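Given the structure is predicted, the values throughout are model-derived calculations rather than measurements.
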Amino acid sequence: MEGLGVLEEMGELTRRGEPFALATVVWRQSPSSSQPGARAIITAGGELHGWIGGACAEPVVIREAQQVMAEGTARLLLLGTPEQFGAAVPDGMTVIPISCQSEGALEVYIEPVLPVPHLVIVGDSPMARTLASMAGALGWRAEEIRGPDFTPEAADGRSMIVVATQGHDDEEVLERAVAARPAYLGLVGSRRRGATVLGYLADRGVPRDQLDRVRVPAGLDLGPTTHQEIAVAILAELVQLRASGALAGARGRRPGTQSAPAAVVTDPVCGMTVSADSSRPVRYEGTDYYFCCAGCRQAFEQDPDAYLKRETRC
């Protein structure tokens, strides 16, 4: 996949609301196999689609891309031996030593592409409309849904749900909202009203661990407030929780849908980071060893102890 194919894949992942990272080659040193402008997409599960270089670069870029997605901050990598760059490396760049037989080098920019926060507001009131308007001003995807029209399918594990039905079938709506298992679920109402609603749902058999996740009342405690101030309090709480990392799902991870990233190991010959799912590992004394290229594999097969003893000394 390259060129238009990478752009199409980006569009599809964005449409599905899946987080990913975009890696772009911005500089190369011959004879690296990549070219400036080459791009690849790395999914949260560690799959790479596109082309940014061969076996030397890919495991490093995948590992760094997953960290970029977790932190939400882009980074610029210089892949090569430190001697190739010397003291000319600008501040803010990350130098990652790799030992390719080609002796090439790459500069790769990796940026996270995280889903827009999804806020579902259930209810039809001035407060709900104010909250939706303010969330939209932050660039969030805010949906207003009437209580009778709300179903669990309207949200998922990354969504934030605020139930603002305010006495109109609160119990039934909240039960459906709990079934969506959102990253955040808040009920607008007094503590007394909230205790009554939650007690009713507990009697209906809704698991206590799910009910314990419901925030009642939704939003920061500002005391007696207007409906506009209630909307501000709720949005402030959501921003605070997202910034602190307490709403992991809302930052782009969909529970239960990500595959585990491939394990990474060290090539015992050149010291490079390589993927443990590489083809044709070499088994020696009950342990599998993986290599970045055929040359390293051949050198190891000729004298394994020479490299394993060196690794032990380090």
- Item | Heavy-atom side-chain contact between L138 and V239 under 4.5 Å | yes
| query | Checking Q66 side chain against A44 main chain: does a donor-acceptor pair fall under 3.5 Å? | reply | yes
If you define the side chain from C-beta out and look only at heavy atoms, does anything of Y289 sit under 4.5 Å from E301? no
* **side chain to side chain contact (heavy atoms under 4.5 Å, CB included) evaluation trace for R213 with V178** => CA-CA 9 Å; R213 297 182 62 244; V178 166; over 6 Å; no
### Message
salt bridge (Lys or Arg N to Asp or Glu O under 4.0 Å), that's the test. Do E107 and R28 meet it? Break it down for me.
### Response
CA-CA 6 Å; E107 187 174 309; R28 70 180 285 270; over 6 Å; no
* Asked: Are the side chain of S133 and the backbone of R129 linked by a donor-acceptor contact shorter than 3.5 Å?
  -> no
Sorted by chain and number, sequence neighbours left out, side chain to side chain donor-acceptor pair (under 3.5 Å) with D149 holds for R146
Start with the C-alpha gap between V214 and L174, add the side-chain angles, then the distance that decides, and say whether side chain to side chain contact (heavy atoms under 4.5 Å, CB included) holds. CA-CA 9 Å; V214 180; L174 189 61; 4.2 Å; yes
Between R193 and Q166, is there a side-chain donor-acceptor contact under 3.5 Å, judged purely by atom types and distance? no
Can you give each donor-acceptor pair under 3.5 Å made by side-chain atoms of residues 196-209, sequence neighbours left out, with the distance rounded to 0.1 Å?
unit_1: T196; atom_1: OG1; unit_2: R192; atom_2: O; d: 3.1
unit_1: R204; atom_1: NE; unit_2: E175; atom_2: OE1; d: 3.1
unit_1: R204; atom_1: NH2; unit_2: E175; atom_2: OE1; d: 3.2

Next on the checklist: Checking the side chain of T225 only, and the main-chain atoms of L222 only, is there a donor and an acceptor separated by less than 3.5 Å?
Outcome noted: no
Point to revise | R191 and V216: CA distance, side-chain angles, deciding distance, side chain to side chain contact (heavy atoms under 4.5 Å, CB included) verdict | key: CA-CA 6 Å; R191 296 186 187 280; V216 184; 5.5 Å; no
Exercise for review: Group every Ile, Leu, Val, Met, Phe, Trp and Tyr by side-chain heavy-atom contacts under 4.5 Å, then state whether L220 and L119 land in the same group.
Suggested key: no
Closest non-hydrogen atoms of P19 and L114, given as atom of the first, atom of the second and distance, are CB-CD2, 3.9 Å
- prompt: Can you say whether the rings of F300 and Y284 are parallel (under 30°), tilted (30 to 60°) or perpendicular (over 60°)?
  reply: perpendicular
Checklist line | Expected output: side-chain R176 to main-chain F150 donor-acceptor under 3.5 Å | finding: yes
_Testing the 3.5 Å rule here: is there a donor-acceptor pair between the side chains of T73 and E71?_
no
Are any side-chain N or O atoms of R63 and backbone N or O atoms of G46, one a donor and one an acceptor, separated by less than 3.5 Å? no
G50 and V6 have their tightest heavy-atom pair at CA-CG2, 4.2 Å
Residue pairs passing the salt bridge (Lys or Arg N to Asp or Glu O under 4.0 Å) test with at least one member in residues 225-241, sequence neighbours excluded, are R215-E237
Are I234 and V122 linked, directly or through intermediate hydrophobic residues, by side-chain heavy-atom contacts shorter than 4.5 Å (ILVMFWY only)? no
